[in-house]
Amino acid sequence: MTDKTLPGAARPPLGMDVPAHVAIIMDGNGRWAAARGLPRFEGHRRGVEALRRTVRAAIDLGVSWLTVYSFSSENWARPADEVGGLMSLLRLFIRNDLADLHANNVRVRVIGDRAGLPPDIAPLIVEAEETTRANTGLTLMVAFNYGGRQEIVAVARALAAEAAAGRLDPQAIDERMFAARLWTQDAPDPDLVIRTSGEERLSNFLPWQAAYSEFVFTPILWPDFDGHALKQALDAFARRERRFGGVGALAKKTGS
Ligand code: IPE
Ligand code: IPE
Ligand code: MG
């Protein structure tokens with residue numbers, strides 16, 4: 001992102017700096033339902049429809065990676081029937097949407113702790129990933145039973161075991177080696193993290209990967225999110241100046 005913060009400099013047309021990787025904390029389903037006197041499950045069900053719209057819009061807008069937070073490691077704290085409903089929605093999403101995603105050249109990945117899920121879900125996830133593995137369009141990463149701290153601890157444990165077994169020199173551990181062992185593996189870090197529903201926190205979502213992400217918080221409740229809202233977030237991103245610890249474009253230009 002170059003001179004566009006200079007006073008008087010023309011901004012490039014919005015949408016020019018499309019983030020390669022957008023990550024979304026899809027929040028507000030419960031409040032959406034409560035506002036309508038509906039059960040929370042109805043909010044989650046409508047949330048899946050918002051996800052469909054958002055995937056389509058991300059493809060149209062030229063986003064390469066889309067990561068969505070669907071179920072956190074901490075969401076087990078919810079009532080059993082709500083947890084069960086969220087598990088069923090993942091099953092339904094894979095059963096109903098896999099063919100369509102595949103037809104749209106979407107590569108599906110699911111990140112999170114699979115071992116902790118009902119036993120019928122892991123094979124569905126494998127099916128979704130295997131079916132779409134060779135696709136070259138959008139990569140859709142669904143964070144399901146995902147917790148960022150748990151992810152980091154798992155990597156630390158694996159590296160420690162290798163070091164203790166004498167197969168790894170601790171001095172060889174660097175950021176690249178660590179990142180390659182996270183569930184996100186080869187994915188680029190998210191350029192933009194969006195959270196809906198007005199909450200402004202990470203809630204254990206991608207803490208390592210979002211170290212230098214831009215954030216957009218919107219009051220829109222997730223079931224109301226759509227392509228227009230995504231475009232607005234991308235436009236806000238395009239106006240940001242990312243510095244990565246360096247100096248801004250203005251300082252570079254004026255030497256001050
Ligand atoms: C997000 O909506 C979906 C999940 C966390 C699974 P919420 O269910 O958190 O909705 P609110 O925050 O209660 O409105
Ligand atoms: C984060 O939302 C998890 C997902 C969106 C899946 P929560 O609604 O669970 O987060 P908190 O509890 O408000 O931080
Ligand atoms: Mg919430």
Side-chain angles (χ1 to χ4, degrees), residues 21-55 57-58 65-94 96-97 108-118 121 124-125 128 140-153 182-184 187 190 192-211 213-226 229-230 233:
H21 185 173
V22 176
I24 307 182
I25 302 172
M26 309 185 292
D27 198 12
N29 296 350
R31 276 162 284 171
W32 184 93
R36 289 160 181 77
L38 298 168
R40 292 177 63 85
F41 179 77
E42 188 56 21
H44 296 316
R45 206 184 60 74
R46 295 289 290 263
V48 176
E49 291 174 17
L51 175 58
R52 277 187 200 115
R53 291 195 293 273
T54 303
V55 168
W65 297 75
L66 178 68
T67 302
V68 292
Y69 205 8
S70 310
F71 189 85
S72 77
S73 306
E74 289 69 36
N75 286 146
W76 294 102
R78 297 190 178 200
D81 66 329
E82 181 170 352
V83 169
L86 290 164
M87 297 294 146
S88 290
L89 283 177
L90 179 71
R91 291 186 186 98
L92 279 175
F93 180 67
I94 294 178
N96 293 339
D97 289 65
V108 179
R109 289 189 184 174
V110 180
I111 57 172
D113 178 13
R114 284 180 204 183
L117 293 172
I121 290 192
L124 281 175
I125 292 174
L140 174 65
M141 283 204 289
V142 180
F144 198 85
N145 199 18
Y146 175 88
R149 287 186 172 177
Q150 293 84 338
E151 177 182 37
I152 290 168
V153 167
L182 295 166
W183 284 314
T184 42
L192 170 65
V193 176
I194 300 169
R195 184 166 189 153
T196 58
S197 87
E199 308 300 339
E200 301 188 352
R201 55 177 171 268
L202 218 40
S203 300
N204 208 11
F205 185 49
L206 305 175
W208 170 289
Q209 298 87 340
S213 301
E214 296 294 324
F215 288 82
V216 167
F217 300 108
T218 167
I220 298 172
L221 301 174
W222 177 252
D224 291 328
F225 199 83
D226 59 11
L230 180 65

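Note that the coordinates shown come from a computational prediction; the quantities given were computed from them, not determined experimentally. All heavy atoms count here, side chains included; hydrogens, waters and symmetry mates do not. Every number for a ligand or one of its atoms is a count from 1 in the order of the listing.
Between the side chain of R31 and the main chain of L221, no donor-acceptor pair closer than 3.5 Å is present.
A salt bridge does not link R52 with E49: none of the charged nitrogens is closer than 4.0 Å to a carboxylate oxygen. Under the 4.0 Å criterion applied to side-chain N and carboxylate O atoms, R53 and D226 are not assigned as salt-bridge partners.
The cationic group of R36 lies under 6.0 Å from the six-membered ring centre of W32 and within 45° of the ring axis, placing it in a cation-pi geometry.
H44 counts as a contact of ligand 1, since one of its heavy atoms falls under 4.0 Å from the ligand. Contact between G28 and ligand 1 is present, with at least one heavy atom of the residue lying under 4.0 Å from the ligand.
Taking 2.8 Å as the criterion, E199 does not count as a coordinating residue of the Mg ion (ligand 3), since none of its N, O or S atoms falls below it.
With hydrogens and angles left out, the side-chain atoms of W183 and D113 include no donor and acceptor closer than 3.5 Å. Side-chain N/O atoms of E82 and H44 include a donor and acceptor closer than 3.5 Å.
Each of the atoms 11 (P), 12 (O), 14 (O) of ligand 1 lies under 4.0 Å from some heavy atom of R31. The I25 neighbourhood of ligand 2 comprises atoms 5 (C), with distances under 4.0 Å to a heavy atom of that residue.
Protein heavy atom closest to atom 1 (C) of ligand 1, with residue, atom name and distance, is M26 O, 3.0 Å. In terms of protein heavy-atom proximity, atom 14 (O) of ligand 2 is closest to S203 OG, 2.6 Å. Counting only heavy atoms of the protein, atom 2 (O) of ligand 2 lies nearest to R195 NH2, 3.5 Å. Considering only non-hydrogen protein atoms, atom 13 (O) of ligand 2 sits nearest to R201 NH2, 2.7 Å. In this structure, the protein non-hydrogen atom closest to atom 4 (C) of ligand 1 is R78 NH1, 4.0 Å. For atom 10 (O) of ligand 1, the closest heavy atom belonging to the protein is G30 N, 2.9 Å. Taking atom 9 (O) of ligand 2 as the reference point, the nearest protein heavy-atom neighbour is N75 ND2, 2.9 Å.
The aromatic rings of F205 and Y69 sit parallel, their planes meeting at an angle under 30°, below the 60° perpendicular limit.
Ligand 1 has an N or O atom lying under 3.5 Å from an N or O atom of R40, backbone or side chain. Residue-to-ligand polar distances keep S70 apart from ligand 1: every N/O pair is separated by 3.5 Å or more. Considering backbone and side-chain atoms together, W32 places no N or O closer than 3.5 Å to any N or O of ligand 1. Between Y69 and ligand 2, no pair of N/O atoms sits closer than 3.5 Å.
For the pair L206/T67, a side-chain contact is recorded, criterion being any heavy-atom separation below 4.5 Å from C-beta on. Side-chain contact check for V68 versus L140: some heavy-atom pair is nearer than 4.5 Å.
Atom CZ of R149 has 12 or fewer heavy atoms from other residues, nucleotides or ligands within 6.0 Å.
With a 4.0 Å cut-off on non-hydrogen atoms, E74 does not touch ligand 1 at all. Within the 4.0 Å heavy-atom criterion, the part of F71 lying near ligand 2 is the backbone and not the side chain. At a heavy-atom distance under 4.0 Å, only side-chain atoms of L86, from C-beta outward, approach ligand 1.
When all heavy atoms of P207 and Y146 are compared, the closest pair comes out as CD-OH, 4.0 Å.
Within D27, OD1 is the N, O or S atom that lies nearest to the Mg ion (ligand 3).
With values rounded to the nearest 0.5 angstrom, I24 atom CD1 is found 8.0 Å from T196 atom OG1.
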